[in-house]
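Just so we're clear, the structure is a prediction, and the values are computed from it rather than from any experiment. Note that ligands are numbered from 1 as they come in the structure, with each ligand's atoms numbered from 1 the same way.
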Amino acid sequence: MTPDAFRRHGHAMVDWVASYMERVEGLPVYPQVAPGAIRALLPHEPPVEGEPWEVIAADLDRVVLPGVVGWQSPDWFAFFPANVSGPSILGELASAGLGQQGMLWATSPACTELEAHVLDWLVGMLGLPEAFRSDGAGGGVLHDSASSAALTALVAARSRAAVSDGELVAYVSTQTHSSVEKDARVAGIPHLRLIDVDATFAMRVDLLEVQVAADRAAGLVPFFVAASVGTTSSLAVDPVRALGELCARERLWLHVDAAMAGVAAICPELRGLNDGVELADSYSTNPHKWLLTNFDCTLFYVRDRQALVDALSIVPEYLRNAASAAGSVIDYRDWQVPLGRRFRALKLWFVIRHYGVAGLQAFIRHGVALAAELVTWVAADARFVLVAPPRLGLVCVRHLDGDEATLRIVEAVNASGRAALTQTRLAGHATIRISIGQTHTERRHVAALWAQILSLA
Ligand SMILES: *Cc1c(COP(=O)(O)O)cnc(C)c1O
């Protein structure tokens with residue numbers, strides 16, 4: 001494709017994406033497609049000769065749209081807000097066009113330095129500890145996911161523990177995201193303890209302390225604790241400060257997973273979320289959930305970047321270069337599992353500059369205010385109760401008639417195509433998670449959802 005043809009087709013593709021943004025509200029949030037329906041629209045064999053671009057582009061409407069889920073619909077209240085925004089999409093486009101591989105500073109100084117700089121900005125923007133800034137011993141990096149961030153933290157912690165793998169014990173709570181359990185499996189950590197939670201679904205430090213002591217008495221080596229700031233089921237916040245004090249006493253690596261909730265700390269009045277984070281060895285949060293930035297974009301910070309390099313750096317001949325040898329640059333390949341890395345910082349840089357800190361704060365406050373109003377509507381209806389303390393943009397409710405009545409509502413809403421919800425289980429009860437924070441959700445969308453839920457009650 002010549003640059004001139006790319007220009008023409010690219011303009012048309014931007015038009016198509018813009019019109020999707022305009023159309024998405026009217027499309028079914030969950031399309032009714034049978035398994036195999038999309039594949040049935042595709043030819044059995046790939047084309048031998050190239051096809052005209054117009055034919056290819058038209059298949060976005062014919063083949064793809066019927067199987068697209070309304071993650072970008074303002075009526076999206078399922079899972080988590082998977083924010084997309086204009087400046088972020090344009091950042092993805094620029095990144096794709098530049099095609100950088102930022103594994104070393106030398107393979108893309110712009111990719112490395114923009115990333116380090118934007119991540120330092122975010123330390124201040126989110127009120128995170130200064131120790132996470134890259135001008136000291138720490139630093140931040142962009143990962144594809146919170147799952148990868150926690151895996152990297154686990155591997156660095158194991159390296160620091162410097163004992164044989166067979167004895168290692170990691171700790172999470174019963175509410176910790178399943179990704180940390182998967183990470184422990186991938187890393188070959190033999191023992192993972194699930195610590196019970198209190199009435200607010202936060203990890204019980206007293207039980208953790210007892211378990212660590214029992215494991216030491218059994219000759220095992222406790223080495224890693226993952227705390228959640230915002231669990232997936234209810235956005236519960238573990239007592240990070242108390243956990244950090246315990247981890248300091250016991251010399252355990254503390255990783256804080258704030259994937260969904262952490263970005264809310266951009267609002268000074270919500271900075272309580274960061275309480276105790278200065279005691280953590282590592283921390284992650286996802287602008288690709290709730291800060292207007294396309295997937296994938298996870299912020300991963302460490303207080304001691306040498307721990308990552310010690311665990312992950314291997315230098316074959318073909319990666320040797322003067323800048324790395326001089327030790328004067330960051331080589332992000334040592335801060336992650338893959339070697340190759342794309343220019344993720346561009347979209348984040350565009351988002352921060354387009355909205356400004358004040359614009360991003362206003363966006364978070366808008367979602368929090370909508371959720372607070374929904375809580376008042378829940379309180380006003382005798383058929384529903386809150387199952388967990390509402391936090392930020394997440395409201396967890398159940399029908400008083402029980403699990404069947406509760407799950408029936410989730411199924412009916414999702415089947416209607418008008419909105420999307422997710423169910424979970426909290427304290428033994430089937431629960432409706434109403435997650436507010438999609439880029440274009442307004443009060444009228446939340447009101448329509450609640451009216452629909454009441455009509456099904
Ligand atoms: C969403 C979420 C994850 C997983 O995030 P990925 O970036 O998809 O790996 C992990 N932990 C928490 C608390 C989450 O909310």
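Put simply, the side chain of His366 gets close to the backbone of Thr441: a donor and an acceptor are under 3.5 Å apart. A donor-acceptor contact shorter than 3.5 Å is absent between the side chain of Asp257 and the backbone of Ala146.
In this structure, Phe384 has its ring center at least 6.0 angstrom away from the ring center of Trp377.
Residues Asp334 and Arg305 are not paired through a salt bridge, judged by the lack of any N-O separation under 4.0 Å between the basic side chain and the carboxylate. A salt bridge does not link Arg341 to Asp331: none of the charged side-chain nitrogens sits closer than 4.0 Å to a carboxylate oxygen.
Ranking protein heavy atoms by distance to atom 9 (O) of ligand 1, first place goes to Ser147 OG, 2.5 Å. Looking only at protein heavy atoms, the nearest one to atom 11 (N) of ligand 1 is Asp257 OD2, 2.6 Å. Regarding atom 8 (O) of ligand 1, its nearest protein heavy-atom neighbour is Ser145 CB, 4.3 Å. Considering only non-hydrogen protein atoms, atom 1 (C) of ligand 1 sits nearest to Lys289 NZ, 1.3 Å.
Looking at Asp296 against ligand 1, nothing comes within 4.0 Å, counting heavy atoms.
A salt bridge (Lys or Arg N to Asp or Glu O under 4.0 Å) with Glu209 is found for one member of Arg249, Arg204, Arg216 and no other, namely Arg249.
Each of the following atoms of ligand 1 lies closer than 4.0 Å to a heavy atom of His288: 7 (O). Near Thr232, meaning under 4.0 Å from any of its heavy atoms, are these atoms of ligand 1: 12 (C), 13 (C), 14 (C), 15 (O). If you number the atoms of ligand 1 from 1 as listed, the ones under 4.0 Å from a heavy atom of Gly230 come out as 13 (C).
Considering every non-hydrogen atom in both Val446 and Leu374, the closest pair reads CG1-CB, 4.2 Å. Nearest heavy-atom pair, Leu235 versus Ala261, reported as atom, atom and distance to 0.1 Å: CD2-CB, 4.3 Å.
Of the N or O atoms in Ser179, none lie within a sub-3.5 Å distance of an N or O in ligand 1. Among the atoms of Asp144, none of the N or O lies under 3.5 angstrom from an N or O of ligand 1.
At least one heavy atom of Asn286 sits under 4.0 Å from some atom of ligand 1.
Across Ser228, Ala82, Ala258, Ala146, heavy-atom proximity to atom 6 (P) of ligand 1 is greatest for Ala146.
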